[in-house]
Every structure is written in structure tokens, then in C-alpha cells.
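For reference, the structure is listed below as C-alpha cells.
Just so we're on the same page: letters track the sequence lines, and every chain starts at 1. Not measured: the values here are computed from a predicted model.
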Protein chains: 2
Amino acid sequence: MLTHAAEDYLKSIYKLQEKVGKVSTGILAEYLNVKPASATGMIKKLKTMKLVKHERYQGVTLTDTGKAIALEIIRHHRLLELYLFKALGVPWDGVHEEAEKLEHVISEDVEARMDEFLGYPTADPHGAPIPDKNGVVIKRTSIPMTDLCSGQSCVVAEVSDTDSALLRHLGSFNLYPGTAFRVIEVAPFEGPFTIDIAGHQVVIGREVAKHIFVDDVKE
Amino acid sequence: MLTHAAEDYLKSIYKLQEKVGKVSTGILAEYLNVKPASATGMIKKLKTMKLVKHERYQGVTLTDTGKAIALEIIRHHRLLELYLFKALGVPWDGVHEEAEKLEHVISEDVEARMDEFLGYPTADPHGAPIPDKNGVVIKRTSIPMTDLCSGQSCVVAEVSDTDSALLRHLGSFNLYPGTAFRVIEVAPFEGPFTIDIAGHQVVIGREVAKHIFVDDVKE
DNA sequence: TATATAATTTAGGTATGCCTAAATTAATTT
DNA sequence: AAATTAATTTAGGCATACCTAAATTATATA
């Protein structure tokens with residue numbers, strides 16, 4: 001069986017692969033709040049287990065086995081987040097941290113029961129897709145909010161789940177996945193967005209907008 | 001913060017103190033499936049943290065702080081067992097193992113939410129008392145089933161939770177906490193018990209009976 | 001009381017996973 | 001192309017928590 005640390009590495013490699021493409025030792029270390037030397041060590045270990053491919057100075061890639069494990073952990077994490085949110089009423093800015101600990105110890109049996117309770121959901125409380133039991137992920141087509149122009153209408157698809165202060169902030173505006181809004185104005189020179197949510201006018205800073213992904217609503 | 005291993009030691013010391021009085025290094029090691037030398041090492045560590053009192057060759061005792069932590073972990077464990085059983089339908093012979101992993105990572109917040117969901121219960125699915133938030137445990141007055149004589153009526157109060165084959169066996173007879181039965185016959189020479197449960201006649205071996213605790217029903 | 005047995009502790013070793021500092025390799029600048 | 005800078009790896013160390021084997025201390029028996 002894998003250690004918690006090894007599982008975290010696989011999960012992080014998967015996520016970084018999605019986000020930035022090539023995963024260097026340095027990027028990985030930074031993401032995990034660990035020194036590059038420590039990442040090198042774990043990468044070597046994962047390589048002997050045939051969970052990653054790695055050539056010196058060329059970055060890491062997951063093998064099929066490694067990817068399957070990464071997706072399994074991500075599934076644990078996101079199902080747990082949704083379960084904590086829906087079944088126990090944990091506020092959405094707290095579920096990430098909680099799930100981070102539980103994802104390594106939850107059994108497949110308990111997970112299956114939560115999945116059933118939730119009605120086999122496909123997205124967590126932040127809108128991130130939940131891989132199914134076979135590791136199949138539904139691809140999102142969302143665009144970053146920063147790509148929007150004045151007048152465009154859209155629906156929140158996903159928000160970054162790691163910063164709980166940000167989540168509380170978004171929650172106060174009702175900016176949950178599924179919420180529709182329209183861009184009233186985009187201030188020039190990388191300025192903030194003024195948007196309309198259910199008749200209320202709200203200003204969203206550019207830094208915040210970077211963490212919001214939306215589905216464009218045609219006409 | 002304490003390591004999982006340290007928490008397990010404190011919990012085990014508390015349970016053994018209840019069951020056998022004095023807790024020797026050897027008894028503790030055996031209970032934790034660890035060699036005595038390893039127990040010595042951890043005891044020393046817990047002593048420097050002022051969580052246990054210990055004199056060489058004289059056994060271990062919990063300090064007030066140590067006892068409070070032990071009760072907190074036990075509370076986590078038993079609330080989790082009941083939650084898994086009631087909210088997710090995990091069979092009672094599986095909840096112990098599951099809770100054993102979760103008890104070290106569950107937050108006070110999530111625990112409080114489970115507690116509320118369950119209506120502030122006082123016993124887990126095996127009948128063991130759940131300490132309250134302040135570490136107060138309701139003392140049981142149950143007697144071992146092996147103390148019963150022919151003709152006595154009683155109600156199951158608690159059964160040992162560690163052996164899942166035993167629990168499946170008891171479950172097949174409906175021998176859950178709260179179930180009433182009457183002793184029809186006690187076979188001589190340490191023989192089995194024949195009992196009546198809701199009109200059905202069932203034979204319970206002596207070894208099994210040792211793991212069942214009952215409340216005597218007067219009259 | 002002396003000796004044998006049992007319990008406990010010490011000593012030394014393993015593996016994980018982190019660290020810092022130094023060495024190496026790659027990439028960028030001039 | 002040479003030199004500087006940045007990224008990565010190696011080397012050596014620390015803490016946890018386990019192990020076995022040997023030494024010590026306590027207890028029971030003759």
C-alpha cells in the first residue's frame with residue numbers, strides 16, 4: 001500500500017499536468033510546500049514503483065497505473081467534499097481542508113455509500129469534476145472569468161478550492177457553481193469586473209476573477 | 001500535535017486501565033500488537049509530554065491531560081462508528097475498523113455535526129458508552145453473560161467490537177444491544193447457554209458469551 | 001537464600017520523509 | 001563561446017516509530 005505522502009505526490013502531479021502541462025521537480029515541490037530535493041527523493045521512489053516516468057531534468061509524467069491512483073484519490077477528495085457539504089452542512093470554505101485528511105483513509109465501501117447517498121454526482125461543491133469509479137473524468141469547457149467582456153452572460157462553473165478566505169468572499173456574493181451573472185463593465189488597465197448577480201451589482205477584483213471559471217451563455 | 005501512534009497508546013492505556021486495572025508494558029504491547037521494547041519507547045515519550053505517569057517496572061497510568069485526550073479519541077471512535085452505522089448503513093461488523101482510521105483525522109467541527117445529526121447519542125452500535133464533549137462517561141452496570149443462570153431474563157447492553165466474525169455471528173441471532181432474551185438452560189461444566197430470543201431458541205457457546213454484557217431484568 | 005524464570009529496559013538497526021548544503025547540469029546572457 | 005544564473009540532484013542529517021537481541025531487574029520456586 002502507498003503512503004499518504006506518495007498519494008499526495010501522485011495527486012499533485014496529475015493536477016499540475018492538467019494546469020501547466022510539463023511538471024518539473026521545482027514546480028511540484030513548490031506546489032507541495034516541500035524543498036526540491038525532497039521532491040527528487042519521492043520521484044525516485046515512485047519511479048521504482050512504476051507509478052511515474054522521469055528523466056533527469058526533464059520533469060515527471062504519470063504512468064497509467066500512477067494516473068489511475070491519482071484519479072482515485074481525487075475522486076475520494078471530491079466526493080468527500082460534497083458529502084461533508086450536503087450531508088453534514090460543512091461550509092464550502094471548510095470542506096477542502098477536511099477532505100485533504102480524510103481522502104487517504106476512507107474505504108471504497110464507505111465511499112460507495114456516500115456516492116449512492118449523493119445520487120452519483122459529477123461535480124464537487126467548487127464545481128470540480130468528480131472522476132467516476134473507473135477514473136473517467138468529464139472534461140470541462142469552462143473559460144476563466146478574466147476572458148469575459150462587457151455585456152456577456154455566463155454561469156459559474158468552477159472556483160479554486162484551496163483558499164478558504166476567497167471562498168467565503170465569493171459565498172457572500174452567492175457566487176457558487178450554477179449561479180448566473182452578466183458582466184456590466186470591465187475596467188481598463190487590468191481593472192476589476194462589475195457584474196450583475198440576480199439584480200445586485202457586485203465588483204470583483206481581477207485577482208479574484210482569475211480563480212473563477214465560467215460557462216459562456218449564448219444569447 | 002500528537003501522532004496517531006501516541007493517540008493509540010493513550011486510548012489503549014485507558015481501555016486496559018478499565019479492563020484489567022494495572023497496565024504493564026507487556027500487556028500494553030500485546031494489546032497494540034507491538035513488541036514490549038517499542039511500548040517502553042513510546043511510554044518514555046508520553047512521559048516527557050506529561051501524558052502518563054510511569055515508574056520502571058511499575059506500569060503506566062494516565063495523567064489528567066492524558067486521560068482527557070484518551071477520552072476524546074474514544075469519543076471520536078464511537079461517534080464515528082454510530083454515524084457510519086446509522087447515516088451510511090455500514091454493517092456493525094465493519095464500523096470498528098473504519099472508525100479506527102478516521103478517529104485520528106476527524107475535526108471537532110465535523111464531529112459536532114455528526115453528534116447533532118445523531119441526536120447526541122450515549123452509546124455506539126456495540127453498546128459502548130460515548131463520552132460527552134467534556135469527557136464524561138456514563139458508567140455501565142452491566143454484567144457478563146457468563147454470570148447468568150437458568151431462567152434469568154435480561155437485555156443485551158454491550159458486545160465486544162473488535163472481532164467482526166463474532167459480530168456477524170451475533171447479528172445472525174439478532175443479538176444487538178437492546179435485544180431482550182431469557183436463559184433457558186446453562187449446560188454444566190462450562191458448557192454453552194441455551195437462550196430464548198423472541199420465541200426462537202438459540203445456543204450460545206461459552207467463549208462467545210464472554211464477549212456479551214447484559215443488564216439483568218428484575219422479575 | 002540461591003537460582004531459575006519472567007518482565008522490562010537498553011542498545012543498535014530499519015524505513016519513511018523531511019531538511020540543508022554542496023555539487024552538478026541546463027539555460028540564459030553577453 | 002564563456003560566464004553567469006537557475007534548476008536539479010546528491011550527500012549527509014534529523015525525527016518518528018517500528019524491530020531484534022542483549023542486558024538488567026523483579027519475582028517465583030526450590
Side-chain angles (χ1 to χ4, degrees), chain A residues 1-17 19-62 66 69-70 73 100-101 103-105, chain B residues 1-17 19-62 66 69-70 73 100-101 103-105:
Chain A
M1 235 299 149
L2 286 181
T3 61
H4 296 184
E7 288 182 348
D8 279 337
Y9 273 86
L10 292 175
K11 188 178 67 164
S12 302
I13 293 165
Y14 179 88
K15 286 191 176 181
L16 288 171
Q17 217 159 34
K19 213 193 337 190
V20 299
K22 191 184 149 195
V23 181
S24 67
T25 306
I27 289 279
L28 181 58
E30 190 194 356
Y31 188 80
L32 284 161
N33 291 311
V34 143
K35 296 289 173 277
S38 305
T40 298
M42 181 58 88
I43 288 166
K44 278 172 102 173
K45 210 162 297 174
L46 294 172
K47 193 179 177 182
T48 69
M49 293 190 257
K50 302 203 170 168
L51 299 176
V52 301
K53 287 190 270 277
H54 181 241
E55 289 303 321
R56 310 163 89 246
Y57 300 95
Q58 297 311 123
V60 227
T61 326
L62 294 170
I69 294 171
I73 306 297
E100 203 70 19
K101 297 175 297 181
E103 65 188 10
H104 303 293
V105 297
Chain B
M1 235 296 146
L2 287 181
T3 60
H4 296 182
E7 289 182 347
D8 279 338
Y9 272 87
L10 292 175
K11 188 177 69 163
S12 302
I13 293 165
Y14 180 88
K15 286 191 176 181
L16 288 170
Q17 217 160 33
K19 211 192 341 190
V20 299
K22 190 184 149 195
V23 182
S24 68
T25 306
I27 288 279
L28 181 59
E30 190 194 356
Y31 188 80
L32 284 160
N33 292 309
V34 144
K35 296 288 175 278
S38 305
T40 298
M42 182 57 88
I43 288 166
K44 278 172 103 173
K45 210 160 299 174
L46 293 172
K47 193 179 177 181
T48 68
M49 293 189 257
K50 302 204 170 167
L51 299 175
V52 301
K53 286 191 270 276
H54 181 241
E55 290 301 322
R56 311 160 92 243
Y57 299 95
Q58 297 311 123
V60 226
T61 326
L62 294 171
I69 294 171
I73 306 297
E100 203 70 20
K101 297 174 297 181
E103 64 187 11
H104 302 293
V105 298

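Among residues two or more places apart in sequence or in another chain, the side-chain contact (heavy atoms from CB on, under 4.5 Å) test is passed with S38(A) by Y9(A), V34(A), K35(A). Residues that satisfy the side-chain contact (heavy atoms from CB on, under 4.5 Å) test with A5(B), not counting sequence neighbours, are T3(B), M42(B). In this structure, the ring-ring contact (aromatic ring centres under 6.0 Å, His included) partners of H4(B), at least two apart in sequence or on a different chain, are H104(B). Under the rule for a salt bridge (charged side-chain N to carboxylate O under 4.0 Å, His left out), E30(B) has no partner lying at least two apart in sequence or in another chain.
In this structure the side chain of L2(B) reaches within 4.5 angstrom of the side chain of L10(B), judged on heavy atoms. Between L51(B) and L62(B) there is no side-chain heavy-atom pair separated by less than 4.5 Å. For the pair K47(B) and K50(B), the minimum side-chain heavy-atom distance is 4.5 Å or more.
With rounding to whole Å, L28(B) atom CG is found 11 Å from dT9(C) atom P. Atom CG in L32(A) sits roughly 16 Å away from atom C1' in dT8(D) (whole-Å rounding). The separation between K44(A) atom NZ and dA11(D) atom C1' is 10 Å, rounded to whole Å. One can place CD of Q58(B) at 14 Å from P of dT25(D), the figure rounded to the nearest angstrom. Computed from coordinates, the E30(B) CD to dA7(C) P distance equals 10 Å when rounded to whole Å.
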Practice task
Any chance you could list the contact pattern along nucleotides 15-25 of chain C? Use B for base contacts, S for sugar-phosphate-only contacts and - for none, protein heavy atoms under 4.0 Å, 5' to 3'.
Solution key: -SSSBBB--BS

Practice task
Report the C-alpha distance between L28(B) and I13(B) in whole Å, list the side-chain angles of each, state the deciding distance to 0.1 Å, and finish with yes or no for side-chain contact (heavy atoms from CB on, under 4.5 Å).
Solution key: CA-CA 7 Å; L28(B) 181 59; I13(B) 293 165; 3.8 Å; yes

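For DNA chain C, none of the residues of residues 19-27 of chain A falls under the heavy-atom distance limit of 4.0 Å.
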